Amino acid sequence: MISIENLSVNYKSDSDVYTAISGINLTIPEGGTLAVIGPSGCGKSTLLKAIAGLIPEYEGTIKINGDEVNPKKQTIGFMPQNYGLLPWRTVIDNIRLGMKIKRAPELLDRKVLKKLMRQLGIEGLGHRYPTELSGGQQQRVALARVFALQPDVLLMDEPFSALDAITREEMQDIFLKLWQKNNVSTIFVTHYVEEALYLGQRIAILSASSGNINRIVDNPLFGGKDIRQNPEFFEMSLKLKNSIKKDWNQAWEN
Amino acid sequence: MGKLVSLWYLLAAVVLTLVWFVVSQLVDLPIIPSPVLVVENLADIFMKYIAIHSLYSLWRIGAGLLLAVAVGLPLGVIMGYFPQTDRFLAPVVYLTYPIPKIALLPILMLLFGVGELSKVFMIFLIIVFQVVVAVRDGIRAIPNETYYPLYSLGASFKDIFFEVLWPASLPKFITAIRVALATAISVLFFTETFGTQYGMGYFIMDAWLRVNYLEMYSGIVVLSLLGLILFTTIDLIERNACHWQYK
Ligand SMILES: Nc1ncnc2c1ncn2[C@@H]1O[C@H](COP(=O)(O)OP(=O)(O)OP(=O)(O)O)[C@@H](O)[C@H]1O
Ligand SMILES: [Mg+2]
């Protein structure tokens, strides 16, 4: 469970202070997913970084399972926009990195790792370096890394944006399968309304200028079978797109 | 791969020796003896006279290098990872870096004497600046995103160092040592011409003064082999430690 109350983040430079996000309130129930969608520069990455404990100075509270966020105490699976794989480590060492840092050798079970890699279709790639992988394969390695850790929360910054449309849908399915098995509370940022509808139980729409949440939409379609083929899916995504456009256009005009 | 490389080294050695041989025949003066004679002479005197000199040179280079790494690496890491420290250390480094280190030799000799210490310290001075700047720049070039997964896992500085800082700066670090070492060897040669009875510099200059060209050339050959050994060792280390760069 993640609960965020009145969260604000200011970036301070020598000369001025820039408020990236302000007054954010959110709760994600245990094992739930939330999609965050918003125009470029509205503070999506900032929000995720704050929850991941990467921004030491913020106002408000961020609690994970009832405790103030602390990377040393909780296990946070954070997947940055470019996957964050270390180029000088092989695939298998990249996957093991989290356990090494968390000093959690009990998670280093060979069989479990192997199974995870098989599920993700990267079983033969353990000895390669990230530069020797395709974008989709790097993505799978990054997923293996966070899921192998069995994190308390999972935070993903535009996880599937860099992939082509078909690979993206494939990865969304793989993610959904893993998520159903592990049931980890997840927040992810996306640019695609379809992705938000497919993977998000709820969808938070950030506003264009003020750095806060415009509204939160419940997603009744989430978890249904083959919803991408469903006419309701089309309808809903169209409606959502149009209303988002209206919100953002209004903000620009102001 | 390895075989092919050694083959090229062999070829280069053969070509150089051939050129030398042809020139020696053309000039036909004692100042350029035939390589055949030099190699014969080398086989005769290497164990008897030269080995000890090459060991002295090697020890001075090794000690200076070790000292430079021991000081330069931590300094570079600190300057690269903590921008605040760079702000006041960078001017110090930049003001002292361009001074030709050989110009400091008189001062070093006054401070440390003409013996081992000033020679080792000279090599240290030549290498340390290159190491500091290379490591610092290597670390500065690491994008922030590389750190995020580690920070979000609560990584300690030790983790950050071994998982990111060290591997990211290693290639530049090794290149810096390679570049600095060439300068260090030539300066070492110079410093070995006084204040000592040992070292390749002493041996070669001494042979020259005794007008023993065969010994002088033997010394030069040993010195170049010494360089070859040092550089191939560095290449080997790089190949093993920076695996990922050769993919
Ligand atoms: N380190 C920083 N220092 C100062 N300002 C920053 C910093 N990082 C981000 N900002 C500013 O904060 C705002 C929000 O940035 P953020 O990266 O969170 O946007 P985003 O919603 O993720 O955008 P995108 O969709 O393009 O990734 C931007 O206006 C950006 O310029
Ligand atoms: Mg972003």
Side-chain angles (χ1 to χ4, degrees), chain A residues 14 45 48-56 64 69-91 93-104 107 127-133 141-143 145-146 148-149 151-158, chain B residues 1 73 76-77 80-88 90 134-176 235-247:
Chain A
D14 288 338
S45 298
L48 232 51
K49 279 187 213 161
I51 304 170
L54 298 175
I55 299 177
I64 295 174
V69 64
N70 181 345
K72 290 217 191 291
K73 294 217 177 86
Q74 293 121 356
T75 304
I76 300 167
F78 178 69
M79 216 159 95
Q81 218 157 331
N82 60 358
Y83 316 136
L85 300 178
L86 299 177
W88 39 81
R89 294 275 185 262
T90 57
V91 163
D93 285 341
N94 261 296
I95 295 175
R96 286 193 196 125
L97 178 74
M99 304 159 213
K100 211 165 138 194
I101 288 171
K102 278 289 172 200
R103 318 246 184 279
L107 291 178
H127 59 280
R128 292 213 202 165
Y129 289 92
T131 46
E132 300 174 290
L133 301 179
V141 175
L143 277 178
R145 168 148 96 189
V146 283
L149 258 183
D152 298 318
V153 296
L154 181 54
L155 307 167
M156 306 192 291
D157 198 347
E158 304 193 29
Chain B
M1 172 76 195
L73 186 69
V77 168
Y81 190 65
F82 305 103
Q84 313 88 286
T85 58
D86 189 48
R87 215 171 288 168
F88 68 91
V135 170
R136 185 199 62 173
D137 291 352
I139 288 175
R140 266 205 203 149
I142 303 170
N144 269 335
E145 288 78 35
T146 309
Y147 297 111
Y148 289 159
L150 284 99
Y151 287 155
S152 69
L153 289 165
S156 61
F157 182 75
K158 192 176 136 235
D159 291 324
I160 299 278
F161 179 80
F162 285 109
E163 299 298 332
V164 180
L165 303 182
W166 172 248
S169 56
L170 196 56
K172 281 197 176 164
F173 170 61
I174 290 177
T175 305
D235 275 3
L236 275 179
I237 292 174
E238 184 178 31
R239 246 162 222 291
N240 278 308
C242 308
H243 239 349
W244 54 281
Q245 282 224 318
Y246 293 95
K247 290 287 181 174

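A, B, ... follow the sequence lines: proteins, then strands. Residue 1 opens every chain. From a predicted model like this one, the values you see are computed outputs, not experimental measurements.
Taking non-hydrogen atoms and a 4.5 Å limit, the residue list of residues 141-150 of chain B in contact with chain A, ordered by number, reads Glu145(B), Thr146(B), Tyr148(B), Pro149(B), Leu150(B).
Ring-plane geometry between Trp88(A) and Trp244(B) is classed as perpendicular, the angle between the planes exceeding 60 degrees on a 0 to 90 degree scale with a lower cut at 30.
Scanning for salt bridge (charged side-chain N to carboxylate O under 4.0 Å, His left out) contacts around Asp93(A) gives Arg96(A), with sequence neighbours left out.
When Met79(A), Gln74(A), Lys49(A) are compared by the number of non-hydrogen pairs under 4.5 Å with chain B, Lys49(A) comes out ahead.
For a residue to count as touching a neighbouring chain, one of its non-hydrogen atoms must lie under 4.5 Å from one of that chain's; by this rule Ile76(A) touches chain B with backbone and side chain alike.
Separation of the Tyr81(B) and Phe161(B) ring centroids does not fall under the 6.0 Å cut-off.
Listed by first and then second residue, the salt bridge (charged side-chain N to carboxylate O under 4.0 Å, His left out) pairs that reach into residues 69-89 of chain A are Arg89(A)-Glu163(B), sequence neighbours excluded. For residues 151-160 of chain B, the pairs satisfying salt bridge (charged side-chain N to carboxylate O under 4.0 Å, His left out) are Arg103(A)-Asp159(B), with sequence neighbours left out.
In this structure, Arg136(B) pairs ionically with Asp86(B), as a charged nitrogen and a carboxylate oxygen lie closer than 4.0 Å.
To the nearest 0.5 Å, atom CD1 of residue Ile101(A) and atom CD1 of residue Ile160(B) are 7.0 Å apart.
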